[in-house]
Amino acid sequence: MRQGVIPGSRGAVRPMRLLGDPALRARCEEVTAFDAELARLIEDMYATMYAAHGVGLAANQIGVGLRVFVFDCPDDEDHRHLGHVVNPRLAAADGVTVRGPEGCLSLPGIEAGTPRYDRAVIEGMTMAGKPVRIEGTGFFARCLQHEYDHLDGGLFIDRLTGLRRRRALRAVRRAPWGASGGAEAVGA
């Protein structure tokens, strides 16, 4: 039997911020205190991500403007990648560009073929302040790039063009949560 606590099992599920919330468009600040409050935030982020059935979550998606994200995401070979990154830096994003299905917990029900590099490397820190380097390919690389974009105020729909963008924005306007300002947040 595996030892240790399951991430998120002691966390609180926090409200998800949806498209239109200014927290999603603001660039997040660097973490300066590696303390119990940061550990609690990360635990709550895991709990919130799991409750929403996601594979990744950035801190600003729950209204916290800090450069932190968590993930529990498979790669294309179905290997599970579980972790978190504090103050991440996108060290590399390369390889072929693949257009694949992408959605977001802050845009529930919206999905579109989004171009992303097939390989990504993130460098940052753990909640204990130790250096960490995470390399991903395929779907996991997509996840890493997606969460990193959030920390700079970006959303996957910003990467869409043409018909894909118009369809996604139309879906936002039709979504129950989109009528309250979500479409205006992306210039629809």
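What you see is a predicted model; the values in this text were computed from it and never measured.
By the 30° and 60° cut-offs, the orientation of the rings of His81 relative to Phe140 is parallel.
The shortest non-hydrogen separation linking Ala59 to Leu151 is N-CD2, 4.4 Å. In this structure, Pro74 and Asp78 approach most closely via the heavy-atom pair CB-OD1, 3.8 Å. Pairing each heavy atom of Phe34 with each of Val86, the nearest pair is CE2-CG1, 3.6 Å. What you find for Ala47 and Val13 is that their closest heavy atoms are O-CG2, 3.7 Å. Taking all atoms of both residues into account, the shortest heavy-atom contact from Leu144 to Gly136 is CD1-N, 3.9 Å. The two atoms that bring Gly154 and Arg25 nearest to each other are CA-NH1, 4.1 Å, heavy atoms only.
A donor-acceptor pair under 3.5 Å links the side-chain atoms of Thr48 to the main chain of Arg14, judged by distance alone. For the pair Tyr46 (side chain) and Gly83 (backbone), a donor-acceptor distance under 3.5 Å is present. Under a 3.5 Å cut-off, the side chain of Asp21 and the backbone N or O of Leu18 do not form any donor-acceptor pair. Under a 3.5 Å cut-off, the side chain of Glu29 and the backbone N or O of Leu66 do not form any donor-acceptor pair. A donor-acceptor contact shorter than 3.5 Å is absent between the side chain of Asn60 and the backbone of Gly65. Checked by atom type and distance alone, the side chain of Gln145 pairs as donor or acceptor with a backbone atom of Ala141 at under 3.5 Å. No donor-acceptor pair under 3.5 Å is formed between the side chain of Arg27 and the backbone N or O of Gly153.
Counting heavy atoms from C-beta outward, Arg99 and Pro115 have side chains that approach closer than 4.5 Å. Between Ile42 and Val70, some side-chain heavy-atom pair lies under the 4.5 Å cut-off. In this structure, Leu169 and Leu160 have side chains that are not in contact, with every pair of non-hydrogen atoms separated by 4.5 Å or more.
A salt bridge links Arg67 to Asp152: at least one charged side-chain nitrogen sits closer than 4.0 Å to a carboxylate oxygen.
With sequence neighbours excluded, the residues forming a side-chain hydrogen bond (donor to acceptor under 3.5 Å, both in side chains) with Tyr50 are Asp72, listed by chain and number. The salt bridge (charged side-chain N to carboxylate O under 4.0 Å, His left out) search around Arg116 returns Glu102, Asp149, not counting sequence neighbours. Remark: Glu37 pairs with Asp35 by the side-chain contact (heavy atoms from CB on, under 4.5 Å) rule, at least two apart or across chains.
Taking NE2 of His84 as the reference point, atom CG of Leu82 lies at 10.0 Å (rounded to 0.5 Å). Rounding to the nearest 0.5 angstrom, the gap separating the OG1 atom in Thr161 from the CZ atom in Arg166 is 9.0 Å. In this structure, the separation between NE2 on His150 and CG on Leu155 is 6.0 Å, given to the nearest 0.5 Å. Atom CG of Asp118 sits about 8.5 Å away from atom CZ of Arg142, to the nearest 0.5 Å. For the atom pair CE (Met45) and CZ (Arg40), the distance works out to 13.5 Å, reported to the nearest 0.5 Å.
Hydrophobic clustering, defined by side-chain heavy atoms of Ile, Leu, Val, Met, Phe, Trp and Tyr closer than 4.5 Å, groups Val96 together with Val98.
For Arg167, the CZ atom sits in a loose shell: 12 or fewer heavy atoms of surrounding residues, nucleotides or ligands are nearer than 6.0 Å. The environment of CZ in Arg170 is crowded: more than 12 heavy-atom neighbours from other residues, nucleotides or ligands sit within 6.0 Å. The environment of OH in Tyr117 is sparse: at most 12 heavy-atom neighbours from other residues, nucleotides or ligands sit within 6.0 Å.
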List the atom pairs, with distances to 0.1 Å, where a side-chain N or O of residues 126-134 and a protein N or O form a donor-acceptor pair under 3.5 Å, not counting sequence neighbours.
| residue | atom | partner | partner atom | Å |
| --- | --- | --- | --- | --- |
| Thr126 | OG1 | Ala128 | N | 3.2 |
| Thr126 | OG1 | Lys130 | N | 3.2 |
| Arg133 | NE | Glu123 | OE2 | 3.4 |

In residues 103-111, what donor-acceptor pairs under 3.5 Å come from side-chain atoms, sequence neighbours left out?
| residue | atom | partner | partner atom | Å |
| --- | --- | --- | --- | --- |
| Ser106 | OG | Arg17 | O | 2.7 |
| Ser106 | OG | Gln61 | NE2 | 3.0 |

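Cluster annotation: Val55 and Met16 are assigned to distinct hydrophobic clusters (Ile/Leu/Val/Met/Phe/Trp/Tyr, side-chain heavy-atom contacts under 4.5 Å, transitive). Cluster membership for Val31 and Ile122, using ILVMFWY side-chain heavy atoms within less than 4.5 angstrom, is not shared. Linking ILVMFWY residues whenever their side-chain heavy atoms come closer than 4.5 Å, directly or via other members, places Met125 and Val64 in the same cluster.
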Q: Please step through side-chain contact (heavy atoms from CB on, under 4.5 Å) for the pair Phe71 and Glu147, ending with a clear verdict.
A: CA-CA 9 Å; Phe71 55 88; Glu147 299 310 329; 5.6 Å; no
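None of Asn87, Leu38, Val85 except one satisfies the side chain to side chain contact (heavy atoms under 4.5 Å, CB included) rule with Val68; the exception is Leu38.
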